[in-house]
Each structure stands twice: as structure tokens, then as C-alpha cells.
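Working notes, beginning with the structure itself.
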Amino acid sequence: MALATRVTHMLGIAHPIVQGGMMWVGRAELASAVSNAGGLGMLTALTQPTPDDLRREIERCRTLTDKPFGVNLTILPSVTPPPYAEYRRAIIDSGVRIVETAGHRPQEHVEDFKAHGITVIHKCTAVRHALSAERMGVDIISIDGFECAGHPGEDDIPGLVLIPAAADQVKIPMLASGGFADGRGLVAALALGAEGINMGTRFCATVEAPIHDAVKQLIVANDERATNLIFRRFHNTGRVAKTSVSDQVVEISARPDAVFEDIRPLVSGAKGRAALETGDLDAGLVWAGQVQGLIHDVPTCRQLIERIVGDAQNLIAARLSGFISQGTA
């Protein structure tokens, strides 16, 4: 028995499970492993230092899987932004058929991707943003609850409310993101109105994730309380794992006269990359969600996806169906 949804049909995948496009983590070895296991793997465009490097990474992923995979392009406001149009062109020229967009003012990119027949998933953190993306012409919404790693927005709406609130208004298929790690979460997402799940932190704690084992063990050891919210006072809230570095960021940010420059040396992307690659948890931020409390091992991607789908099917067929009375009142 398979869990078939509009998402699985549109993306050409066996299971309604998508890997989040995570900075420094969304590389070919992880994306291909997720895709080979029947989910949708996702490369992260800006992990690659240049558009040509992204072209090479896309080709490398194709040597590792013949299944569908996507590329994430996150657009963030910056004084010196990356050459987004050139990354977009690399994606299009490489024949990628699925793209996940996220971030600030994606319309130019969405229109170009759609003009080239690419299926666009757009990740957002509010119903109003989901409706805007739907009007823009994206194909699938990934709706990200407050539990998530990364940037949960400024509304603080958890998935239990955000997912059905979005499902009440959004007509295109939705992925539920933020707080998903197991079969229970997949079933809950389907019940709330989504047609699949997007997982980031859970895929970090897999054999194929290209990060240091010390980071994977941190995720396994942490519980659901072990995150910090950072950048709140700067209106760019981020959720990261609770470490000495993120504790320091919170402490400095709480000072009445704090400005972003006070924490900039602690939160640079280069230092976060160093933490992931060396396992030095004092080197930089580790981005992780509250779902850490549901992560207890480091399986292969295939083991993880098969377990999630198997548990979800058992829940639907056995436990939940048992709640329906077969007799008469």
C-alpha cells in the first residue's frame, strides 16, 4: 500500500516526503539518498560558491540517482546579494524539473522557472504569504510552522494551527514543514490538510547527511526544549540548536543597547559551516528545530523513510480505524 497524494503525483515520487533545502547540508550525497529512497531530495543552490559549481553539483547528483530531485533557491535581502539570476539560469540550463523557492520577493524567479516548465514549491510561514505565492503561480506550498529550524517568521503560529488555517484557504497542494520526524507526524499532516511533509532537522541526523557525526549526536541528545530563538529584536527570527554560541547570541541580544553588529561575528555563515563540517560545536551556529525531541537515532535515509511510511500506514489502517465504532448506539 502506498500513500498517494497530489504531491506524489506532481513530483513523480513514491512517498510524500521532501527533504528541506538546508544551507551547507543540501548536497548531492544527501539529496540522492532521499530520492533513491522514494522521497524528494533537495540540493541547496547557495551552498555552492558559484553558479558553475551548482551546475557541477547537479550533474554529480545525477550520477548518484535517476530519480527526481529538486534545487532550493532562497532569496534573502542583503547589502551584497549573491547573483540570484545566474544561479537561476544554472538551474534552468541544467534541466532541473523541480525547484523550491523561499525568502524575499521571489516573483521574478518564479515567473522564469514557470516559463521553462519547472514545478515550483514555495516555502512560507504565513497563510497570507501562501495565498500570495498561489496567486503568483507556484504549484505547491510548503507551510512552515513555528516549531521549525531556520526562520519561522514573526507570527509565532505553530503547525497545529497554521497547517489547517492554510488548508482552509489554499487550493493548491501543500507540504507541512516544521516539527516532522516520524509516521505520527506524517499522518497528522495529512489529517490537517497537507499532502506531504518537508523535513530538515530529521534528515540532518541520517548516515548520508554530509555533516560531522558530533552534530548528528547533538541532535539525537537534545530534547524539544533545546533550541534558541535568535534575531528576534532584529525582526528576522531564527531557531537554532541550543549551544554555547547561540546562548551567547541570546545573551548579547538581550542588552538594551544591542545592535546586530554585536553578534555578527558569532553568526556568520562561514562559522556555521565550520561547526557542521568539523564537529566543533563552539565554532558557530547549528540550525535545528524543536523536533530534536523526536529524533533518537541516525538511520540511513532509506531506513528512515521506510519507517515513517510504514508507521503511517499502520496508524491509518489499524490504530485510527479502531476508534470508529462498528456497532450501533
Side-chain angles (χ1 to χ4, degrees), residues 5-13 18-23 26 31 35 40-59 61-62 68-144 150-151 153-155 162 166-167 169-177 194-196 198 200 236:
T5 71
R6 286 188 292 174
V7 163
T8 59
H9 290 305
M10 289 174 69
L11 301 180
I13 56 179
V18 175
Q19 170 227 321
M22 299 168 285
M23 194 66 176
S35 292
L40 183 74
M42 193 74 65
L43 300 177
T44 308
L46 298 183
T47 290
Q48 301 304 318
T50 70
D52 282 340
D53 287 307
L54 175 59
R55 287 183 172 91
R56 285 187 283 272
E57 189 72 358
I58 291 168
E59 288 309 308
C61 197
R62 287 198 174 110
F69 64 88
V71 178
N72 165 280
L73 183 65
T74 297
I75 303 98
L76 297 175
S78 172
V79 176
T80 55
Y84 290 118
E86 294 177 31
Y87 278 97
R88 183 177 78 231
R89 177 50 53 188
I91 293 168
I92 293 169
D93 289 347
S94 297
V96 171
R97 306 314 303 160
I98 301 166
V99 169
E100 179 188 64
T101 56
H104 189 66
R105 300 186 183 279
Q107 184 159 359
E108 167 192 346
H109 307 285
V110 169
E111 288 176 353
D112 201 7
F113 287 136
K114 292 298 298 175
H116 288 85
I118 294 172
T119 298
V120 178
I121 304 167
H122 184 68
K123 193 169 191 177
C124 47
T125 60
V127 176
R128 62 188 182 280
H129 299 153
L131 292 170
S132 176
E134 184 177 44
R135 290 191 297 270
M136 199 180 300
V138 308
D139 300 285
I140 298 170
I141 295 294
S142 182
I143 194 79
D144 217 357
H151 294 282
E154 307 302 315
D155 294 341
L162 183 62
Q169 298 189 55
V170 174
K171 296 180 177 60
I172 59 176
M174 292 196 318
L175 292 162
S177 183
E195 301 195 38
N198 177 295
N236 187 29

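These values consider heavy atoms only, across backbone and side chains, with no hydrogens, waters or symmetry-generated copies. Nothing fancy with the numbering, it's 1 onward along the sequence.
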Which atoms form the tightest heavy-atom contact between [X] and [Y], and what is the distance?
X: A90; Y: I58; result: O-CD1, 4.4 Å
X: P68; Y: L40; result: O-CD1, 3.6 Å
X: L175; Y: A194; result: C-CB, 4.3 Å
X: A133; Y: I141; result: CB-CD1, 3.7 Å
X: H129; Y: C124; result: CB-CB, 3.8 Å
X: T44; Y: G21; result: OG1-C, 3.2 Å

Would a distance-only check, ignoring hydrogens and angles, find a side-chain to backbone donor-acceptor pair under 3.5 Å from [X] to [Y]?
X: T74; Y: G103; result: no
X: E195; Y: T5; result: no
X: Y87; Y: Q48; result: yes
X: R55; Y: T50; result: no
X: E100; Y: G70; result: no

If you measure from [atom1] on [X] to [atom2] on [Y], what distance do you get to the nearest 0.5 Å?
X: N198; Y: M174; atom1: CG; atom2: CE; answer: 12.5 Å
X: L73; Y: L43; atom1: CG; atom2: CG; answer: 12.0 Å
X: E108; Y: F113; atom1: CD; atom2: CZ; answer: 10.0 Å
X: L76; Y: N236; atom1: CG; atom2: CG; answer: 7.5 Å
X: I140; Y: L11; atom1: CD1; atom2: CG; answer: 4.0 Å
X: I172; Y: L131; atom1: CD1; atom2: CG; answer: 9.0 Å

Suppose the criterion is side-chain hydrogen bond (donor to acceptor under 3.5 Å, both in side chains): which pairs have a residue in residues 116-127, not counting sequence neighbours? T101-H122, D112-H116
Given side chain to side chain contact (heavy atoms under 4.5 Å, CB included), test V96 with I118 step by step and report yes or no. CA-CA 7 Å; V96 171; I118 294 172; 5.6 Å; no
Could you go through E59 and R56, starting from their C-alpha distance and side-chain angles, then the distance that decides it, and tell me whether this counts as salt bridge (Lys or Arg N to Asp or Glu O under 4.0 Å)? CA-CA 5 Å; E59 288 309 308; R56 285 187 283 272; over 6 Å; no
Any L54 side-chain heavy atom under 4.5 Å of I91 side chain: yes
Quick one: do D139 and K114 satisfy side chain to side chain contact (heavy atoms under 4.5 Å, CB included)? Show the steps, please. CA-CA 9 Å; D139 300 285; K114 292 298 298 175; 2.8 Å; yes
